[in-house]
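Let me begin by presenting the structure, written as structure tokens, before commenting on it.
Predicted, not measured: the structure shown is a model, and the values here were computed from it.
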Amino acid sequence: TVASAGRSLFGRGQLLVVGQFASRRTSTRRRGARPWGDPSGHGASRPAASVMERLLAIGAPSLERETADGSTLRVTLALFDALRVLCPFTEAVRPGLFVLPTRGPSRFFGGEDNVLSAVADIVTDATGESPQLGVADGLFCAELAARAGVVVAPGGTDQFRARQPVEVLGSRDLAQTAHRLGLHTVGDFAALPPGRVAERFDRAVRHRHLVARGEVATLEGQRDPTWE
């Protein structure tokens, strides 16, 4: 169902509320620069990861490939610095993808809508393009949300993840096998008993099963290790 709460957040995209979630139409991560509250989950003082952090994923497609003259890296560094002024816990995940936790900035700027608007302006000023923005719990779902232009309502990430096609788990072989078994969505795959998955599949698929179940926040290969 589509609620009547839809509105334009800013001139670059539309917002609709759909069921439990809403849809909206360096190394750049410097060594030692992540504070304890960053979204990476690597910080030694970070609280237990049993509850996934609500993240804003920021996609800048023009920065995904480096140029021979180094201009893409320069823009990436400038954008990263600008985003860290807005939120010091901003993290560069890989070329063209950044994330930041929404909780602190939302309190400071008076709500997520204001944070999204500010981030959109920062990215547009730095790159000349409108960003892909999405909000959800955990890196995996936050990136999916950004690809779709979706802001998942608090508490709606499990439903959002379950409705995704199984292909988003990043394995063609797994997707083909899952379809043969009648498992067409992430939720279908997640519903398999862990013991059955462990018997039938290898470690990489078992990891994807944990991601599908919402027990792990990040898909293997989602981060560029050279940006650590």
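A side-chain N or O of Asp188 and one of Thr185 form a donor-acceptor pair less than 3.5 Å apart.
The two residues Ala190 and Ala212 come nearest to each other via the heavy atoms CB-O, 3.5 Å. In terms of heavy atoms, Glu129 sits closest to Pro61 at OE2-N, 3.4 Å. Between Leu83 and Thr90, the closest heavy-atom pair is O-OG1, 3.3 Å. For Thr157 against Cys141, the heavy-atom pair with the smallest separation is CG2-SG, 3.7 Å. Looking at every heavy atom in both residues, Leu192 comes nearest to Arg213 through O-NH1, 4.0 Å. Among all heavy-atom pairs drawn from Ala120 and Leu133, the shortest one is CB-CD1, 4.1 Å.
Proximity of Ile58 to Leu79: side-chain heavy atoms (C-beta onward) are nowhere separated by under 4.5 Å. Taking 4.5 Å as the limit, some side-chain heavy atom of Asp224 sits within range of a side-chain heavy atom of Pro95. In this structure, Val93 and Glu143 have side chains that are not in contact, with every pair of non-hydrogen atoms separated by 4.5 Å or more. In this structure, the side chains of Phe160 and Leu144 come closer than 4.5 Å at one or more pairs of heavy atoms. Side-chain atoms of Val168 and Phe140, non-hydrogen and from C-beta on, do get closer than 4.5 Å to each other.
The closest donor-acceptor contact from the side chain of His209 to the backbone of Phe201 lies at 3.5 Å or more, if one exists at all. The closest donor-acceptor contact from the side chain of Asp202 to the backbone of Val205 lies under 3.5 Å. Put simply, the side chain of Arg147 never gets that close to the backbone of Gly134: no donor and acceptor are under 3.5 Å apart. No donor-acceptor pair under 3.5 Å is formed between the side chain of Ser117 and the backbone N or O of Asp113. In this structure, the side chain of Asn114 engages the main chain of Phe109 through a donor-acceptor pair within 3.5 Å. Arg208 places no side-chain N or O within donor-acceptor distance of the main-chain N or O of Glu220, the cut-off being under 3.5 Å.
The 12-atom threshold is not exceeded at CZ of Arg103, counting heavy atoms of other residues, nucleotides or ligands nearer than 6.0 Å. Around the CZ atom of Arg74, the shell of radius 6.0 Å holds more than 12 heavy atoms that belong to other residues, nucleotides or ligands.
One finds no salt bridge joining Arg84 and Asp81 here, because no Lys/Arg side-chain nitrogen approaches an Asp/Glu carboxylate oxygen to under 4.0 Å.
Rounding to the nearest 0.5 Å places CD of Glu215 at 11.5 Å from NE2 of His207.
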